[in-house]
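The chains referred to below are lettered A, B, ... by the order of the sequence lines, with proteins before strands, and numbering in each begins at 1.
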4 protein chains.
Amino acid sequence: MPPRQVEEHAATGRERDPERTRNEILETATHEFAAHGYAGARVDDIAARMRTTKRMIYYYFGSKEQLFIAVLERAYTAIRRAEREVDVDGFDPASAVRRLAELTFDHHESHPEFIRLVSIENIHRAEHMAKSPAIAELGSPAIDLLARILERGRAEGVFRRDIDAVDLHMMISAFCVFRVANRHTFGTLFDRDLTDPALREHYRTMLGDMIVDYIRMPAEQDA
Amino acid sequence: MPPRQVEEHAATGRERDPERTRNEILETATHEFAAHGYAGARVDDIAARMRTTKRMIYYYFGSKEQLFIAVLERAYTAIRRAEREVDVDGFDPASAVRRLAELTFDHHESHPEFIRLVSIENIHRAEHMAKSPAIAELGSPAIDLLARILERGRAEGVFRRDIDAVDLHMMISAFCVFRVANRHTFGTLFDRDLTDPALREHYRTMLGDMIVDYIRMPAEQDA
Amino acid sequence: MPPRQVEEHAATGRERDPERTRNEILETATHEFAAHGYAGARVDDIAARMRTTKRMIYYYFGSKEQLFIAVLERAYTAIRRAEREVDVDGFDPASAVRRLAELTFDHHESHPEFIRLVSIENIHRAEHMAKSPAIAELGSPAIDLLARILERGRAEGVFRRDIDAVDLHMMISAFCVFRVANRHTFGTLFDRDLTDPALREHYRTMLGDMIVDYIRMPAEQDA
Amino acid sequence: MPPRQVEEHAATGRERDPERTRNEILETATHEFAAHGYAGARVDDIAARMRTTKRMIYYYFGSKEQLFIAVLERAYTAIRRAEREVDVDGFDPASAVRRLAELTFDHHESHPEFIRLVSIENIHRAEHMAKSPAIAELGSPAIDLLARILERGRAEGVFRRDIDAVDLHMMISAFCVFRVANRHTFGTLFDRDLTDPALREHYRTMLGDMIVDYIRMPAEQDA
DNA sequence: TATGAATGAGCTTTCATTCAT
DNA sequence: AATGAATGAAAGCTCATTCAT
């Protein structure tokens with residue numbers, strides 16, 4: 001009678017679904033690390049936020065660092081999966097790039113914690129990521145897609161010839177990441193909330209324009 | 001016999017110039033905070049790195065947080081001073097904007113520690129900065145300058161009408177900051193060192209092109 | 001279908017011979033305890049060193065302490081068995097004692113782990129041994145033999161009258177045990193490796209001389 | 001008014017005599033390590049036994065290992081000091097050696113904790129001692145003295161020629177150390193308390209006889 | 001007979017900070 | 001203006017052991 005068992009576990013607090021426990025720890029740890037940084041995160045707090053003990057965290061992940069690496073792996077796996085689902089077939093090259101940029105914008109908008117984790121990892125010079133073979137193997141669907149669109153645009157003669165997919169991805173990411181990652185200091189210094197919902201469409205369009213203006217073949221502008 | 005004392009202090013390494021001691025602590029603290037983040041920085045290490053004791057740090061700054069705030073103040077004061085020295089008189093509007101963008105690029109290139117401090121402060125939601133009246137009073141010379149150039153460009157009919165100085169500053173900053181701040185994760189994931197000296201001119205030009213393409217009045221491009 | 005099961009176990013490395021598993025655990029535990037002491041030994045490490053899980057150790061022995069007791073029992077059983085095999089028939093009393101001392105010397109020389117276990121058990125005031133009826137029942141063949149030789153020597157008038165077998169055994173053991181057990185501190189302090197193979201014969205002879213000189217009837221030495 | 005200060009310290013529990021605090025910690029730590037071994041000793045317990053916190057122990061000694069090293073240093077310093085005070089002038093060579101052996105016997109008798117520390121350090125292969133330059137520099141007065149006596153005895157023709165001071169020191173130490181260090185297992189196995197006060201003189205004499213018999217020139221014993 | 005999952009208690013150590021002068 | 005000594009609180013981590021089947 002499995003249902004009974006489940007109830008018993010709930011009663012005793014014993015967890016018998018390792019995969020679920022692992023995921024719950026990762027979920028909670030993601031919030032904690034994103035909220036306070038790597039050094040500022042407390043293993044104690046992660047445990048306190050769920051019905052597990054600190055001991056369990058070490059049982060599953062071995063150390064604070066390995067836990068953080070697992071958090072990064074989970075976050076990157078999720079974003080890469082999202083990237084793989086992007087579909088821009090049927091759009092002309094310029095529209096396709098704009099759409100890809102907008103989807104990137106939206107993804108950053110809706111995953112501020114991921115961006116915080118990335119900032120944190122950069123503070124630590126990507127040393128944790130370097131220890132994860134899993135992340136290295138994820139590849140970069142966004143770049144592959146971008147490369148294909150750029151190729152098409154060049155073939156059609158509407159894009160400049162010399163644009164590299166990785167560079168363009170950087171340009172898009174820079175805008176999207178900065179808006180979210182640096183909004184606090186930017187907001188304080190220039191009194192502008194970059195993530196104000198009322199401004200979202202404004203910045204979304206700005207990004208699209210910026211990218212499209214940059215890649216488009218300059219039509220006799222000096223004529 | 002005061003001279004004697006001075007000699008003794010020199011001999012024992014005692015510091016008798018409060019302002020200088022304060023600056024040395026700030027200098028050392030800047031490196032420590034930039035290197036390890038706010039939580040990761042160790043007051044002990046800061047003391048160990050110089051010829052002062054940990055006790056002195058508390059004597060001068062009161063707490064780790066106030067020390068960090070002072071570090072931020074010093075860093076922002078320096079960058080604002082640099083911005084005030086920018087001179088783009090004599091350039092046509094487009095060239096002026098390009099030049100301003102390039103100077104921003106160069107400044108970020110040569111002050112990676114400052115960028116790290118900004119990232120760190122964003123991790124902490126700019127809460128330390130908020131406690132510093134000094135930073136709020138610094139103003140933003142770069143934005144003022146940008147506003148003036150944009151005004152000129154619009155008057156001459158070469159710039160689009162709807163561009164806001166703060167937005168444009170954001171666009172420039174995003175590119176410059178991302179390239180330095182996120183170079184570690186970006187490099188690991190896409191195998192490209194964004195700060196490779198051999199690529200510096202490439203990215204510098206890319207930034208200028210991106211900004212100028214964006215602000216320029218679109219000359220009958222669909223004609 | 002039992003045959004199938006057996007094959008599966010063989011394939012998966014599962015152990016189906018309890019006695020053998022028990023012995024393997026004891027063997028491994030002996031090394032671990034001898035290497036790190038009682039408190040320093042790790043049940044985890046013992047499990048890791050062999051193809052069993054930590055859980056099995058508890059299944060077979062119940063606790064770390066009971067495991068240590070079992071290790072002691074095995075070690076003492078082995079040495080008592082060796083003692084029972086000593087044969088000095090056909091030697092004159094003095095030669096018999098010398099030979100017994102030399103065999104003890106050799107046994108200690110070749111069983112340094114046993115000596116470490118004894119030292120460890122003494123650190124713990126023999127409290128584990130006290131809980132083992134098995135060890136108490138082992139008796140002491142060496143002492144019995146020594147008593148017989150002493151009796152013979154006294155009867156022949158070549159040994160002093162007042163020597164007790166247990167005392168003599170202590171004298172022999174002290175020399176043999178110290179040489180092995182305290183060689184590390186002694187070597188460090190006096191720069192002499194007591195267990196240097198080149199010195200083995202030297203110390204073996206020294207022991208024999210010391211014992212024989214002590215028990216021999218002092219023949220008119222003041223005459 | 002220093003007395004007042006002292007009272008205040010007593011009242012607040014603040015200790016203002018670092019050297020005294022350090023010594024108290026060492027004293028307490030000596031008992032703890034001797035009682036439970038290195039791994040078995042608890043820093044918590046050491047703190048609990050005195051009016052200090054665990055934190056103070058780390059403040060003064062840095063780590064459990066460095067504390068243990070300091071304990072060893074103190075113990076060896078004390079025994080070396082005692083050795084330097086031994087005076088056997090005026091005794092004939094044989095009596096001098098006997099006296100030196102007896103003093104060693106008495107010292108071990110009255111310092112069982114020291115012997116436990118030595119056993120413990122041997123379990124750890126003297127690795128802690130090796131990290132202490134202080135111990136290495138202590139020298140060995142007992143050996144120097146022994147060497148001088150042996151030289152005299154040889155000159156007077158009453159000692160065997162081939163006896164080395166370090167070897168003789170080992171012989172003496174083996175007896176004295178074993179009696180104390182191994183008394184627990186020995187007592188359990190052979191039902192004899194080697195440290196029974198009633199037997200002290202017996203073993204003291206036994207040691208003296210053993211040593212003197214061994215070093216004395218064998219006077220026509222086969223005649 | 002055998003075992004993977006889980007754990008309470010406690011470990012050594014570190015941290016920013018304050019005391020007392 | 002300056003400082004050596006001291007510290008409460010909590011951090012990350014480890015241990016022998018038990019649960020539930």
Legend entry - Sidechain-backbone polar pair: Arg116(C) side chain, Ile123(D) backbone, donor-acceptor under 3.5 Å: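 Yes, because the side chain of Arg116(C) sits within donor-acceptor range (under 3.5 Å) of the backbone of Ile123(D).
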
Legend entry - Backbone of Ala39(B) reached by a side-chain donor or acceptor of Arg42(B) within 3.5 Å: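 Side chain of Arg42(B) to backbone of Ala39(B): a pair is present.
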
Without decimals, in angstroms, what is the distance between [X] [atom1] and [N] [atom2]?
| X | N | atom1 | atom2 | result |
| --- | --- | --- | --- | --- |
| Ile46(B) | dT17(E) | CD1 | P | 11 Å |
| Met56(D) | dG8(F) | CE | P | 8 Å |
| Glu24(A) | dA5(E) | CD | C1' | 15 Å |
| Ile25(C) | dT1(E) | CD1 | P | 13 Å |
| Leu67(B) | dC15(E) | CG | P | 16 Å |
| Phe68(D) | dT12(E) | CZ | C1' | 16 Å |
| Arg22(A) | dA5(E) | CZ | C1' | 15 Å |
| Arg20(A) | dA6(E) | CZ | P | 12 Å |

Legend entry - Where at least one partner belongs to residues 29-38 of chain A, residue pairs that pass salt bridge (charged side-chain N to carboxylate O under 4.0 Å, His left out), sequence neighbours excluded: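 Sorted pair list: Glu32(A)-Arg49(A).
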
Inset, instruction - In plain terms, say whether Lys131(D) and Glu127(D) are close enough for a salt bridge, that is, a side-chain N and a carboxylate O under 4.0 Å apart. - result: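 Salt bridge: no.
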
Inset, instruction - May I ask you to check whether His124(D) and Phe68(D) place their ring centres under 6.0 Å from each other? - result: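 No; His124(D) has its ring centre 6.0 Å or more from that of Phe68(D).
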
Legend entry - Thr185(B) and Glu121(A): side chain donor to acceptor below 3.5 Å: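 No donor-acceptor contact under 3.5 Å links the two side chains.
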
With a 4.5 Å heavy-atom cut-off, do [X] and [Y] have their side chains touching?
| X | Y | value |
| --- | --- | --- |
| Thr28(B) | Asp45(B) | no |
| Leu26(D) | Phe61(D) | yes |
| Phe33(C) | Glu113(C) | no |

Inset, instruction - Counting heavy atoms from C-beta on, name the nucleotide in dA6(E), dG8(E), dA5(F) closest to the side chain of Pro18(D). - result: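 My answer, after comparing the listed nucleotides, is dA5(F).
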
Inset, instruction - Measure the angle between the two terminal helix axes of the helix from dA2(E)-dT21(F) to dT21(E)-dA2(F), five base pairs each, and quote it to 10°. - result: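 End-to-end axis angle: 40°.
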
Under-3.5 Å N/O pairs linking protein and nucleotides 13-16 of chain F:
residue	atom	partner	partner atom	Å
dC13(F)	OP2	Tyr58(A)	OH	2.9
dC13(F)	OP2	Lys64(A)	N	2.9
dC13(F)	N4	Lys54(A)	NZ	3.1
dC15(F)	OP1	Arg42(C)	NE	2.6
dC15(F)	N4	Arg55(A)	NE	2.1
dC15(F)	N4	Arg55(A)	NH2	2.8
dA16(F)	OP1	Ala41(C)	O	3.0
dA16(F)	OP1	Lys64(C)	NZ	3.0
dA16(F)	OP2	Val43(C)	N	3.3

